[in-house]
Amino acid sequence: METVDITWPRPAGERFSSWLEDISQTVLPVRVRSDGAGLTRARVRMVQLGEVRVSSLALPAMEAQRTPKLIRRSDPELFELLLQGQSTGQFSQHGLTAVAEPSDMVLLDSSHPFHNIVGDSRTGAVGAIVLFPRKLLPLPDNTTSKLVMTALPGSTGVGALVTSHVQHLIKHSDHYRPADAGRLAAVTVDLIAAMLAHHLGEGRTLPEHTQRHALLASVHAFIDQHLADPELSPQTIADAHHISLRTLHRLFQGQDATVAGHIRTRRLQRCKRDLRDPLLAGQTIGTIAARWGFTYAAHFTRAFHNAYGLTPNDYRETNPMTDGAHRQTGRR
């Protein structure tokens with residue numbers, strides 16, 4: 001698994017137009033045009049997961065064209081999923097045009113010409129791109145092509161899972177090992193497939209492993225959204241996803257923890273983060289524990305010690321950023 005950060009400006013006075021052209025050849029060969037108005041810095045981060053590449057972009061407003069000449073020169077037969085950032089984008093392919101609002105997604109096909117106009121003078125072109133071989137998608141090409149040049153919501157439903165997953169991959173790419181690349185690539189494509197199948201109404205045609213990955217990602221997202229609820233339990237999770245408790249437990253077979261264990265671990269991670277936050281130094285340990293669903297202080301202290309080898313109070317004392325601040329307000 002490889003992560004590459006490419007930033008501008010660079011030494012030796014390289015022109016922005018040349019830098020941008022080099023980037024386009026690295027991500028996907030396109031003809032780009034941008035005057036770089038108001039530009040002080042630009043950045044592209046690329047995370048390579050085997051045959052799948054995830055990239056984040058922070059560039060000025062720009063136009064990108066994939067021309068017939070570029071396609072004849074090289075066509076890797078990829079799907080390109082663009083995740084729109086803070087501005088509106090206009091995308092054209094197959095004689096169709098899609099206008100994507102912030103957080104929308106658009107699917108493109110590298111085998112056909114396209115013309116994109118993204119970003120504006122205020123926010124620039126900020127977003128992400130997922131490139132993956134068409135052959136990896138467990139849906140027929142003639143079915144998937146129905147969604148090319150369609151603005152797909154990325155803030156609700158399965159689209160929100162895709163957005164969250166891609167953002168997490170980019171933000172935490174340094175935390176993964178090379179051996180994780182294949183699994184992360186499979187999960188990424190499976191989530192995209194689940195989202196496309198949802199919009200096509202063909203979820204039942206997806207392979208079982210794809211449906212399983214998508215369901216597990218949905219369960220993980222649901223847990224993270226409801227950690228503060230002390231009533232969160234395997235049963236409430238199963239009910240929310242319209243599956244049996246037995247199916248939920250079977251879904252977690254092969255994972256690092258059971259359902260209840262995963263909930264406890266995520267809550268402890270949130271508490272651990274807050275205990276080291278200098279802005280929360282004035283809050284008692286009990287307040288922090290309750291915020292993340294721990295009803296009983298003794299249970300929280302025991303679970304925290306079992307997980308990290310220190311009591312919450314001792315852990316907080318080891319952090320010099322909060323040392324002293326919480327002593328004035330009480331430790332408990």
Side-chain angles (χ1 to χ4, degrees), residues 47 49-55 77-84 98 100 103-110 127-172 176 180-226 237-244 246-255 259 262:
V47 182
L49 306 170
E51 295 183 280
V52 177
R53 175 179 293 165
V54 180
S55 303
E77 298 186 353
L78 304 174
F79 276 130
E80 178 178 3
L81 184 70
L82 297 107
L83 287 70
Q84 191 67 14
S103 81
D104 281 350
M105 292 180 280
V106 176
L107 186 69
L108 301 173
D109 187 338
S110 73
I129 295 174
V130 183
L131 288 167
F132 58 97
R134 293 203 304 263
K135 65 183 181 181
L136 295 184
L137 197 66
L139 288 167
D141 274 359
N142 62 345
T143 300
T144 308
S145 63
K146 298 175 184 177
L147 291 179
V148 171
M149 287 298 103
T150 301
L152 305 170
S155 58
T156 59
V158 187
L161 293 178
V162 175
T163 299
S164 176
H165 174 74
V166 170
Q167 291 173 343
H168 192 275
L169 278 178
I170 294 168
K171 184 177 181 181
H172 300 286
Y176 299 117
D180 297 324
R183 291 187 292 271
L184 291 172
V187 171
T188 302
V189 174
D190 284 344
L191 278 175
I192 293 172
M195 178 189 67
L196 298 176
H198 168 77
H199 289 289
L200 291 165
E202 300 194 9
R204 294 179 181 274
T205 67
L206 290 174
E208 183 178 349
H209 70 84
T210 298
Q211 297 183 47
R212 182 179 182 277
H213 284 160
L215 179 58
L216 185 59
S218 179
V219 167
H220 283 166
F222 181 88
I223 290 172
D224 282 349
Q225 292 166 7
H226 295 84
I237 296 167
D239 291 344
H241 289 82
H242 309 290
I243 58 177
S244 69
R246 181 179 179 182
T247 297
L248 178 65
H249 286 304
R250 190 163 57 242
L251 190 65
F252 272 73
Q253 290 178 356
Q255 299 294 303
V259 184
H262 180 75

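Atom set for the values below is all heavy atoms of this structure, side chains included, hydrogens, waters and symmetry mates excluded. Being a predicted model, the structure only gives us computed values, none of them experimental.
- Ring planes of His168 and Tyr176: tilted class, angle from 30 to 60°.
- Between Leu161 and Ala217 the shortest heavy-atom distance is CD2-O, 3.7 Å.
- Note that the CG atom of Leu81 and the CG atom of Leu107 stand 6.0 Å from one another [nearest 0.5 Å].
- In terms of the side chain to side chain donor-acceptor pair (under 3.5 Å) criterion, Arg212 has no residue partners (sequence neighbours excluded).
- Within the 3.5 Å criterion, the main-chain N or O of Ala160 finds no donor-acceptor partner in the side chain of Ser164.
- Of the inter-residue distances, the one linking Ile192 atom CD1 with Leu137 atom CG reads 8.0 Å to the nearest 0.5 angstrom.
- Every side chain to side chain donor-acceptor pair (under 3.5 Å) that Ser244 has, sequence neighbours left out, goes to Thr247.
- Atom CG in Leu108 sits 10.0 Å away from atom CZ in Phe79 (nearest 0.5 Å).
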For this session: Give the intermediate values and the outcome of side-chain contact (heavy atoms from CB on, under 4.5 Å) for residues Leu82 and Glu80.
Result: CA-CA 6 Å; Leu82 297 107; Glu80 178 178 3; 3.9 Å; yes
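- Contact detail for Leu49 and Ala181: the closest heavy-atom pair is CB-O, 3.8 Å.
- Contact detail for Val162 and Leu191: the closest heavy-atom pair is CG2-O, 3.6 Å.
- For the atom pair CG of Leu152 and OG of Ser103, the computed distance is 11.0 Å after rounding to the nearest 0.5 Å.
- For the ring-ring contact (aromatic ring centres under 6.0 Å, His included) test with His220, the passing option among His165, His262, His241 is His262; the others fail.
- Pairing each heavy atom of Ala193 with each of Leu139, the nearest pair is O-CD1, 3.9 Å.
- With hydrogens and angles disregarded, a donor-acceptor distance shorter than 3.5 Å links the side chain of Thr163 to the backbone of Gly159.
- With hydrogens and angles ignored, the 3.5 Å screen pairs a side-chain donor or acceptor of Ser145 with a backbone N or O of Asn142.
- With values rounded to the nearest 0.5 angstrom, Thr143 atom OG1 is found 11.0 Å from Leu196 atom CG.
- Of the inter-residue distances, the one linking Asp190 atom CG with Leu215 atom CG reads 12.0 Å to the nearest 0.5 angstrom.
- Formation of a donor-acceptor pair under 3.5 Å by the His226 side chain with backbone atoms of Phe222 is found in this model.
- Phe252 has its side chain within reach of Leu216: a pair of non-hydrogen atoms, C-beta onward, lies under 4.5 Å apart.
- Of all heavy-atom pairs spanning Val106 and Ala100, the tightest one is CG2-CB, 3.8 Å.
- Scanning all heavy atoms of the two residues, the minimum distance from Ala98 to Met149 falls at CB-O, 3.4 Å.
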Problem set entry | Chi angles and distances behind the side-chain contact (heavy atoms from CB on, under 4.5 Å) call for Val158, His199 | CA-CA 10 Å; Val158 187; His199 289 289; over 6 Å; no
